[in-house]
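The structure appears below as structure tokens.
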Amino acid sequence: MTEEMTSACYERAKSIYPDNARITETARFIAEETGMNEGSAKYYVESFFFMRTGERLKTAMAAEDVRYYFIHIYSDYGNEALANAVKSLQDYLAYDTQNHPGLQNIVNEFKRA
């Protein structure tokens, strides 16, 4: 996963939000554009939607990609949107039985922001 792929997912998700009917076609476009796996692209686009609404993430994202999303959500939408994104990840971490110290560190860092 490259930063270009993460950025493409974020920007494309932002451009279609809140139209979740377009997630699959958007993921297909990202895959064609960047070479990213289409399933991964779909998950990253869906993750943007979950973060915007505060709904629990369904699968872990890479820590650096979560950081990218949090920084840009805050920049684009402000404190309340960042709080939703943090809640989304925090709920995932409470639900998942695996240990994700890198993701927990990001939650802790951005909860203070």
Side-chain angles (χ1 to χ4, degrees):
M1 190 71 171
T2 66
E3 188 172 336
E4 174 193 0
M5 292 171 178
T6 303
S7 175
C9 291
Y10 179 86
E11 292 301 326
R12 294 288 177 188
K14 185 172 86 166
S15 75
I16 65 167
Y17 182 80
D19 185 3
N20 63 1
R22 296 182 55 206
I23 289 175
T24 300
E25 88 180 59
T26 300
R28 190 173 307 118
F29 180 82
I30 292 165
E32 291 170 3
E33 180 182 62
T34 67
M36 184 178 186
N37 174 282
E38 187 175 329
S40 297
K42 183 176 181 186
Y43 175 69
Y44 270 58
V45 172
E46 287 174 337
S47 293
F48 175 86
F49 279 66
F50 296 145
M51 288 181 184
R52 289 288 288 125
T53 62
E55 184 179 341
R56 177 179 53 83
L57 292 175
K58 304 303 181 213
T59 309
M61 293 173 68
E64 62 271 9
D65 299 335
V66 170
R67 180 180 302 284
Y68 180 96
Y69 271 44
F70 281 10
I71 288 168
H72 287 85
I73 285 171
Y74 175 73
S75 175
D76 292 338
Y77 303 102
N79 283 329
E80 187 175 328
L82 176 60
N84 278 347
V86 170
K87 178 187 180 310
S88 179
L89 178 58
Q90 192 169 14
D91 289 351
Y92 170 77
L93 293 173
Y95 168 82
D96 190 24
T97 58
Q98 296 181 22
N99 188 16
H100 299 281
L103 293 176
Q104 187 60 58
N105 288 340
I106 291 172
V107 165
N108 295 342
E109 175 186 342
F110 281 88
K111 275 176 77 171
R112 291 187 297 249

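Side-chain atoms are counted along with the backbone in the values below, which use heavy atoms only and exclude waters and symmetry mates. By convention here, the first residue in the shown sequence is residue 1. Values in this document were obtained by computation on a predicted structure and should not be read as measured data.
- Scanning both residues, Ala8 and Thr34, for their nearest heavy atoms gives CB-CG2, 3.8 Å.
- A pairwise comparison of heavy atoms in Tyr44 and Asp65 identifies OH-OD2, 2.6 Å as the closest pair.
- Residues Lys87 and Gly54 share a closest heavy-atom pair of NZ-O, 3.5 Å.
- Closest heavy-atom contact between Ile106 and Ala63: CD1-O, 3.1 Å.
- Two residues are said to be in side-chain contact when any heavy atoms from C-beta on lie closer than 4.5 Å; Val86 and Leu82 meet this criterion.
- Note that OG1 of Thr26 is 11.0 Å distant from CD of Glu46, once rounded to the nearest 0.5 Å.
- If you take CD on Glu4 and SG on Cys9, they are separated by 10.5 Å, rounding to the nearest 0.5 Å.
- The hydrophobic cluster containing Tyr17 does not contain Phe29, counting ILVMFWY residues as joined when their side-chain heavy atoms lie under 4.5 angstrom apart, directly or transitively.
- No side-chain heavy atom of Phe48 sits under 4.5 Å from any side-chain heavy atom of Ile16.
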**OP:** Assess whether side-chain hydrogen bond (donor to acceptor under 3.5 Å, both in side chains) is satisfied between Tyr68 and Ser7, documenting all intermediate values.
**Re:** CA-CA 8 Å; Tyr68 180 96; Ser7 175; 3.1 Å; yes

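- Nearest heavy atoms, Ile30 versus Ala41: CG2-CB, 3.9 Å.
- Note that the NE2 atom of His100 and the CG atom of Asp96 stand 3.5 Å from one another [nearest 0.5 Å].
- Between Ser40 and Asn37, the shortest heavy-atom contact is N-OD1, 3.0 Å.
- If you check the side chains of Asn105 and Glu109, you find no donor sitting under 3.5 Å from an acceptor.
- For the pair Glu33 and Arg12, the minimum side-chain heavy-atom distance is below 4.5 Å.
- Salt-bridge annotation for Glu25 and Arg28: absent, with no side-chain N of the basic residue lying under 4.0 Å from a carboxylate O of the acidic one.
- Between Asp76 and Tyr10 the shortest side-chain heavy-atom distance falls below 4.5 Å.
- In this structure the side chain of Asp91 never reaches within 4.5 angstrom of the side chain of Leu57, judged on heavy atoms.
- Contact annotation: the side chain of Thr24 approaches that of Lys42 to within less than 4.5 Å [non-hydrogen atoms, C-beta and beyond].
- The shortest side-chain heavy-atom distance between Lys58 and Tyr92 does not fall under the 4.5 Å cut-off.
- Around OH of Tyr74, the count of heavy atoms belonging to other residues, nucleotides or ligands within 6.0 Å does not exceed 12.
- In this structure, CD on Glu64 lies 9.0 Å from CE on Met1, to the nearest 0.5 angstrom.
- With respect to Glu55 and Arg52, no salt bridge is recorded, no charged nitrogen being found less than 4.0 Å from a carboxylate O.
- Here the CG atom belonging to Asn84 is positioned 6.0 Å from the CD atom belonging to Glu80, to the nearest 0.5 angstrom.
- By the 30° and 60° cut-offs, the orientation of the rings of Phe70 relative to Phe110 is perpendicular.
- Within the 3.5 Å criterion, the main-chain N or O of Thr2 finds a donor-acceptor partner in the side chain of Thr6.
- How far CG of Asn20 is from OG1 of Thr53: 10.0 Å, rounded to the nearest 0.5 Å.
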